[in-house]
*Asks:* 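If you scroll down you'll find the structure; I have some questions about it.
Small disclaimer: the values here were computed from a predicted structure and weren't measured. Naming convention: chains lettered A, B, ... in sequence-line order (proteins, then strands); numbering from 1 in each chain.
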There are 2 protein chains.
Amino acid sequence: MVDHDRIRTDEAPSGNPGGGKETVNQVTERRTKVTIQDVARAAGVSITTVSRYLNGRFSSMSAETRDRIARVIAETGYQPSRVAQALKANRTGIIGAIVVNLGYPLCVSVIRALSEAVEPYGLQLMVAESRGDAERERRALDAMRRQAVDALVVQTDGMNNALLAEWTKEKPVIWFDRGFGIAGGMDVVTNNLEASRELTLHLAQQGYRHVVYVSEPLRGIETRMDRLAGYEQACRSTGLRSEIHWVHRGQPATYEPVLERVRSAMSDGPAAVYTANGLILQELYPRLRRLDITVPDPLGIATFDQPDWADIATPALTCVRQPTEAMGQAIARALMDADEAWPENARRIVIPSELRVSASTSLRNPD
Amino acid sequence: MVDHDRIRTDEAPSGNPGGGKETVNQVTERRTKVTIQDVARAAGVSITTVSRYLNGRFSSMSAETRDRIARVIAETGYQPSRVAQALKANRTGIIGAIVVNLGYPLCVSVIRALSEAVEPYGLQLMVAESRGDAERERRALDAMRRQAVDALVVQTDGMNNALLAEWTKEKPVIWFDRGFGIAGGMDVVTNNLEASRELTLHLAQQGYRHVVYVSEPLRGIETRMDRLAGYEQACRSTGLRSEIHWVHRGQPATYEPVLERVRSAMSDGPAAVYTANGLILQELYPRLRRLDITVPDPLGIATFDQPDWADIATPALTCVRQPTEAMGQAIARALMDADEAWPENARRIVIPSELRVSASTSLRNPD
DNA sequence: CTGAAAGCGCTAACAT
DNA sequence: ATGTTAGCGCTTTCAG
């Protein structure tokens, strides 16, 4: 078995005398983890040689030594301690990811894709959420720093960007979803403005006389500003009147003006509601339906984001699908390329979203 | 990237004497991370003393020494390396979490709660997903082991339970959602059977003549077996005929028999469909709606899980809300208690789910 | 081809 | 009250 002579870690396996079953975890012997020392000893070589083996430098090693080590490792199930390696190499193999909220489908989706993409490289993800709170984000950053993550992937409102900007000097930092163009960093985002414009144009073309835009307060958040800008551009180019409503999620009262407006707009002909993200619509939707106005005519409904219930809603929801998988993969790729600093001209990756037209905005029947 | 040989790490201990602005790092000087050595030197004490300071052993230290160290730390922004501490203490402060799928609301929700709950203790989460695949899960476990996580939280089908059982001898292992009663481990689950029975009884009481149960293949998965058992118990006690349909998510054809059955059942009076989890219903729901049978009369719809679209669906969905936050918190608590081995009689924590009756099953109008 | 030795940053006896 | 010293498990010169 293992060959641990390491000073008898446990002298008292006596621990479980009373137990009737005697299922005593097979002699609770607190198996002391096998180290490179143990392997070296068992193989009758020095730890240096084992280390060489571990790092694939077989050329400087006789075939038998190699095989002997291989056998011992297989027998003992030895796995090098990543902690020790990390201390030595100053690399942990851990990627830190801080997102606004793990409950947001976008975050989860990007994290999944990222996790998947870096796994083959032996990298693991450490995740934390900021809840959009500067202090919490700061704590998460501290934690990441202390855990010595090799790189950082953040979705942030930017409240700690000064700190992050510092970090770019030490390790790769990637902003996703919301970019800031921080020097030394990298942004991975979608084309919020264009996609938003496209959706608005679609609504106009369908013949909706009003498109009521519903957003959370901008607070300087890029995605929000861009989506709004796209909406406004489309309004200008089509002659639609720009009608913007601000809501706060979790505060039902803030939705009232929207409902009021929708109701009143009806007298003018068909109108559409366009929400700046799926979570807003999730709160707004039930209220909208309670107005008892038929969708899509005279009421159209569309949103940025592709909620998982887009096809559950009846009629199915027109929405903007963000390229979350591609974003996760792009982040992973950037991470792998991070050894040689990113070229200045490739510091911002924009991956297009996709407009998915469904029945909830089909005013015009194809004719 | 970043590989500075330290040889004169400090050289400018006095650096920033008067301070003033001089926000140095302008000079992209690849700030080499400050270590306990640097602090000791700057404070004119030994690293032992600094270590004592870090660990709050102020009693064995003069007030001025303490203050001096405090000042140096503040100035340098020093933070002890968790990697070094980990190597020494054999504890990383990282909790490994392996879930079936980060896309499942249940997983995310539990992870969020857990993450939140352990944060105050300075613990971080490392997450991975298995996709229900033994090999992937195994790889994730290997990764966790190499990263030397302090504890493991898993949602698993059980394919690597032998390995996990071994681990319980070395560190705390908690199974959640799906328990297995592994010796040495701990299960944190909900009362699937009872909740399922309760939901079925509710449907029977509403007057549905048939309750069609839709599940994925059991494959030995506790939650699935228990939910089915609850359904069957309720059937027996009410005289309902047990009608079970198996589907595979992502395989539309497998849903056809369900739709067929629902259609035919209609001739018999009102019938309800009860899906074993929210993801099944997410796939089934649109198809069900296409049958064009009115909900809740004559067609009732209910599901285990509380999808985020439960209130979006019209009529709102009757469902079983799993106590995900409580589960996350329970896991965290168990983790904190894990120093002294869990008492034998507390190895399984069952947190009740909550039946949320909504309009989708309101056959009987309150009268 | 192989090994001895010097650390990586930190903690904890064991002095003093 | 403070310092010396010996590692934690691994990688990497530098010498054979």
*Asks:* Would you say A/Arg57 places a side-chain N or O within less than 4.0 Å of OP1 or OP2 belonging to D/dT12?
*Replies:*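 Yes, because at least one side-chain N or O of A/Arg57 sits under 4.0 Å from OP1 or OP2 of D/dT12.
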*Asks:* Quick one: on DNA chain C, does B/Arg82 or B/Arg52 contact a more 5' nucleotide (nearest heavy atom)?
*Replies:*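 First, find each residue's nearest nucleotide; the 5'-ward one identifies B/Arg82.
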*Asks:* Have a look at B/Asn90 and say if it touches a base, only the backbone sugar-phosphate, or nothing, with a 4.0 Å heavy-atom cut-off.
*Replies:*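 B/Asn90: no heavy atom of the nucleic acid under 4.0 Å.
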*Asks:* With a cut-off of less than 4.0 Å, is there a side-chain N or O of A/Tyr78 near OP1 or OP2 of D/dC10?
*Replies:*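 Looking at the OP1 and OP2 atoms of D/dC10, one of them is under 4.0 Å from a side-chain N or O of A/Tyr78.
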*Asks:* Do A/Arg71 and A/Glu64 sit within salt-bridge range, that is, some charged N less than 4.0 Å from a carboxylate O?
*Replies:*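 Salt bridge absent between A/Arg71 and A/Glu64.
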*Asks:* Between A/Arg131 and B/Glu116, is there a salt bridge with N-O shorter than 4.0 Å?
*Replies:*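 Here B/Glu116 pairs with A/Arg131 in a salt bridge, since their nearest N and O are under 4.0 Å apart.
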*Asks:* Hey, is A/Asp38 close enough to A/Arg41 for a salt bridge, meaning N to O under 4.0 Å?
*Replies:*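 Result for this pair is yes, salt bridge flagged.
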*Asks:* Can a side chain N or O of B/Thr35 be found less than 4.0 Å away from OP1 or OP2 on C/dG9?
*Replies:*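 Checking C/dG9 against B/Thr35, no side-chain N or O comes under 4.0 Å of OP1 or OP2.
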*Asks:* Give a yes/no answer on whether the side chain of A/Gln85 brings an N or O atom under 4.0 Å of OP1 or OP2 in D/dG9.
*Replies:*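 For D/dG9, OP1/OP2 do not have a side-chain N/O of A/Gln85 under 4.0 Å.
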*Asks:* It should be established whether B/Ser62 places a side-chain nitrogen or oxygen under 4.0 Å from OP1 or OP2 of nucleotide D/dT2.
*Replies:*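 Affirmative; the distance criterion is met.
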*Asks:* What does B/Val45 touch in the nucleic acid at a heavy-atom separation under 4.0 angstrom: a base, only the sugar-phosphate, or nothing?
*Replies:*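 The residue B/Val45 makes sugar-phosphate contact but no base contact.
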*Asks:* Over all strands shown, is B/Thr48 touching base, sugar-phosphate only, or nothing at heavy-atom distances under 4.0 angstrom?
*Replies:*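 Since a base atom lies under 4.0 Å of B/Thr48, the category is base.
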*Asks:* Mind calculating the distance between CZ (A/Arg91) and C1' (D/dC10) to the nearest angstrom?
*Replies:*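 Answer to the nearest Å: 15 Å.
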